[in-house]
There are 2 protein chains.
Amino acid sequence: MQNEHTEVYDTLKKYIARHIQLTEEEERYFVSLLRITMVKKKQCIVQPDFICRYRSYVFSGSMRAYLIDSNAQEHTIAFAIDDWWITDYTSYIFQQPATLFVEALEETVLVQLDYNAEQLLMETVPKFERFFRIITQRSFAFLQQRMLSNLSMTAEQRYELFMNKYPQISQRVPQYALASYLGMSTEYLSKLRNNRISKKS
Amino acid sequence: MQNEHTEVYDTLKKYIARHIQLTEEEERYFVSLLRITMVKKKQCIVQPDFICRYRSYVFSGSMRAYLIDSNAQEHTIAFAIDDWWITDYTSYIFQQPATLFVEALEETVLVQLDYNAEQLLMETVPKFERFFRIITQRSFAFLQQRMLSNLSMTAEQRYELFMNKYPQISQRVPQYALASYLGMSTEYLSKLRNNRISKKS
DNA sequence: TAAATTTCCTAAACCAGTTCATTTTTATGG
DNA sequence: CCATAAAAATGAACTGGTTTAGGAAATTTA
């Protein structure tokens, strides 16, 4: 058990080291604030109306964050596989009730950081201000690109783009989840998959 | 002239003070890194293929950032009026060639921070790591909400939402810019404006 | 203040993508 | 290993929103 945890923490530490350099003491302190959580397929770690207390790093497995709208339709705002963070971001940073579900798509191992621990961490080790700034900036740039794709491309182009950029993800997530991420119906995605749309080639 | 600049810097300093507390010396240092730029209507401060060197704070006037796609269609990714920052974010943070235009919608006064100056600022005054973390987190949460709106709402609902949330902006920007922000054609926006769509009321 | 240009409005034809209904395939737990 | 549920495929009918094409209003410029 301890061995397994060591491996998980080491992976996260390596991820952190890509952005900031910590002393051994700082690393130990950081790790002391974390907790490891295993979630089964379909289990939710965040639900609407509850305040989201954790930011979760995916060590293995995969997760998705989605909204259920007033017509009972699902809309996926994010996937997370290894080395990505996931949470209901709005709920987490403002500590207000969530609107999203965050659910495991398969058996998943997470490393979770509590909101209060995160605040404390940034005060105690200011380098983490930098760390969270950098990863948030990257997430923002990523999301802006996605927004632009959704504004400027057709469903088919969005599908092609996703397949090129994230072939791994497309194989691991259910098709209805991918459709709701790309902003199209499952039926239409199915047609695209079996390219019964444009007979260009 | 000096008076005018003082007013501009004071507004920005007040904005900064909402998130971090600076000493007078830090404030002076910060201000020394800034420059004020006036832009005329339709003038672009960022263009595709050029690296975006500045982050711009809007003191007065209004700006928008947009993409021109392969069909020569415009897609607005952001507006900025007083107290907002604007830039081609991806180009700025990665210092890579821009893909967007950032254009003045009216005569506008900007305060600009150079990329290298920003890096230096964060090293010299680490509080700014915190400042940029916080504003980036808020921008991210905002963009995620917008992404969810675009995935889950109809054109009409998006229009209504925007009008409720940003009545000031809708009056100041041209209709084609708003349509391209909301992800619909100008013709359809025009129909919605004169509500010739749903005869519910 | 007239001319030029840009923005805005209108309406009919059209189409990308949805909805609905049904079938086939794949997962899953007991 | 079967039973049953969940996910994916398919096709026909439909619709929200676009396209195209025009003309009216407003803004800019000379």
Side-chain angles (χ1 to χ4, degrees), chain A residues 40-43 61-62 64 66 68-76 103-107 149-163 169-200, chain B residues 40-44 61-62 64 66 68-76 101 103-107 149-163 169-200:
Chain A
K40 295 233 175 72
K41 189 167 177 170
K42 300 222 171 164
Q43 192 183 327
S62 56
R64 74 168 174 136
Y66 63 97
I68 296 192
D69 73 15
S70 49
N71 300 318
Q73 293 258 37
E74 290 182 9
H75 305 280
T76 301
E103 174 202 73
L105 293 169
E106 53 194 311
E107 178 113 7
S149 304
N150 271 49
L151 286 173
S152 66
M153 297 166 90
T154 64
E156 187 174 11
Q157 292 170 324
R158 274 176 273 145
Y159 168 73
E160 296 291 351
L161 182 64
F162 190 91
M163 294 306 277
I169 297 182
S170 71
Q171 266 142 24
R172 279 170 69 182
V173 309
Q175 207 150 114
Y176 66 84
L178 181 53
S180 80
Y181 178 89
L182 292 173
M184 65 184 77
S185 65
T186 51
E187 292 88 343
Y188 199 70
L189 177 55
S190 173
K191 280 186 207 170
L192 291 174
R193 267 256 154 94
N194 304 286
N195 53 306
R196 280 174 295 104
I197 299 290
S198 65
K199 318 283 172 181
K200 285 166 198 163
Chain B
K40 295 233 175 72
K41 189 168 177 169
K42 301 223 170 167
Q43 191 183 328
C44 283
S62 56
R64 74 167 174 135
Y66 63 97
I68 296 192
D69 72 16
S70 47
N71 300 318
Q73 293 257 38
E74 290 183 10
H75 305 280
T76 300
F101 293 87
E103 174 202 73
L105 293 168
E106 55 194 309
E107 178 114 8
S149 303
N150 271 49
L151 287 173
S152 66
M153 298 166 88
T154 65
E156 186 173 13
Q157 290 170 326
R158 273 175 274 146
Y159 169 73
E160 296 291 351
L161 182 65
F162 189 91
M163 294 306 278
I169 297 183
S170 69
Q171 266 142 24
R172 278 170 69 182
V173 308
Q175 209 149 110
Y176 66 85
L178 181 54
S180 80
Y181 178 89
L182 292 174
M184 65 184 77
S185 65
T186 51
E187 292 87 347
Y188 200 68
L189 178 55
S190 175
K191 278 188 208 171
L192 292 173
R193 268 256 153 93
N194 304 285
N195 54 306
R196 280 173 294 104
I197 299 289
S198 64
K199 318 282 172 180
K200 285 165 197 164

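In what follows, chains are A, B, ... by sequence order, proteins preceding strands, each numbered from 1.
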Look for any protein N or O under 3.5 Å of an N or O in nucleotides 5-8 of chain C and output each such pair with its distance, or none.
from  : atom 1 : to     : atom 2 : distance (Å)
C/dT7 : OP1    : B/Y176 : OH     : 3.1
C/dC8 : OP1    : B/Q175 : N      : 3.1
C/dC8 : OP2    : B/Q175 : N      : 2.8
C/dC8 : OP2    : B/Y176 : N      : 3.4

Using rotation axes that map the C1' atoms of four end pairs onto the next four (five pairs an end), what angle separates the end axes of the helix from C/dT1-D/dA30 to C/dG30-D/dC1, to 10°? 60°
Partner set under side chain to side chain donor-acceptor pair (under 3.5 Å) for A/Q175, not counting sequence neighbours: none
Where at least one partner belongs to residues 171-180 of chain A, residue pairs that pass salt bridge (charged side-chain N to carboxylate O under 4.0 Å, His left out), sequence neighbours excluded: A/D82-A/R172, A/E106-A/R172
Classify every nucleotide of nucleotides 16-29 of chain C by which part a protein heavy atom approaches to under 4.0 Å, writing B for the base, S for the sugar-phosphate alone and - for neither, in 5'-to-3' order. SBBBB-------S-
State which residues pass side chain to side chain contact (heavy atoms under 4.5 Å, CB included) with A/T186; sequence neighbours excluded, sorted by chain then number. A/Y176, A/A179
Taking side chain to side chain donor-acceptor pair (under 3.5 Å) as the test, write out the residues that go with B/S170, two or more places apart. none
Return the value, rounded to whole Å, for the distance between atom CG of B/N150 and atom P of D/dG16. 18 Å
Could you state the atom-to-atom distance from CG of A/L151 to P of D/dT18 in whole Å? 11 Å
Residues that A/S185 engages under side chain to side chain contact (heavy atoms under 4.5 Å, CB included), provided they are two or more places apart: A/E187, A/Y188
Report the residues that fulfil side chain to side chain contact (heavy atoms under 4.5 Å, CB included) with B/E160, sequence neighbours left out, ordered by chain and then residue number. none
Sorted by chain and residue number, the side chain to side chain donor-acceptor pair (under 3.5 Å) partners of B/T76 (sequence neighbours excluded) come out as B/R64, B/S180
Pairing residues for A/T154 by the side chain to side chain donor-acceptor pair (under 3.5 Å) criterion, not counting sequence neighbours: A/Q157
B/S152: side chain to side chain contact (heavy atoms under 4.5 Å, CB included) partners, not counting sequence neighbours: A/L67, A/D69, A/H75
Heavy-atom nearest pair, B/L189 first then B/Y159, reads CD1-CD1, 3.4 Å
What is the separation between atom CG on B/L192 and atom C1' on C/dT10, rounded to the nearest whole Å? 14 Å
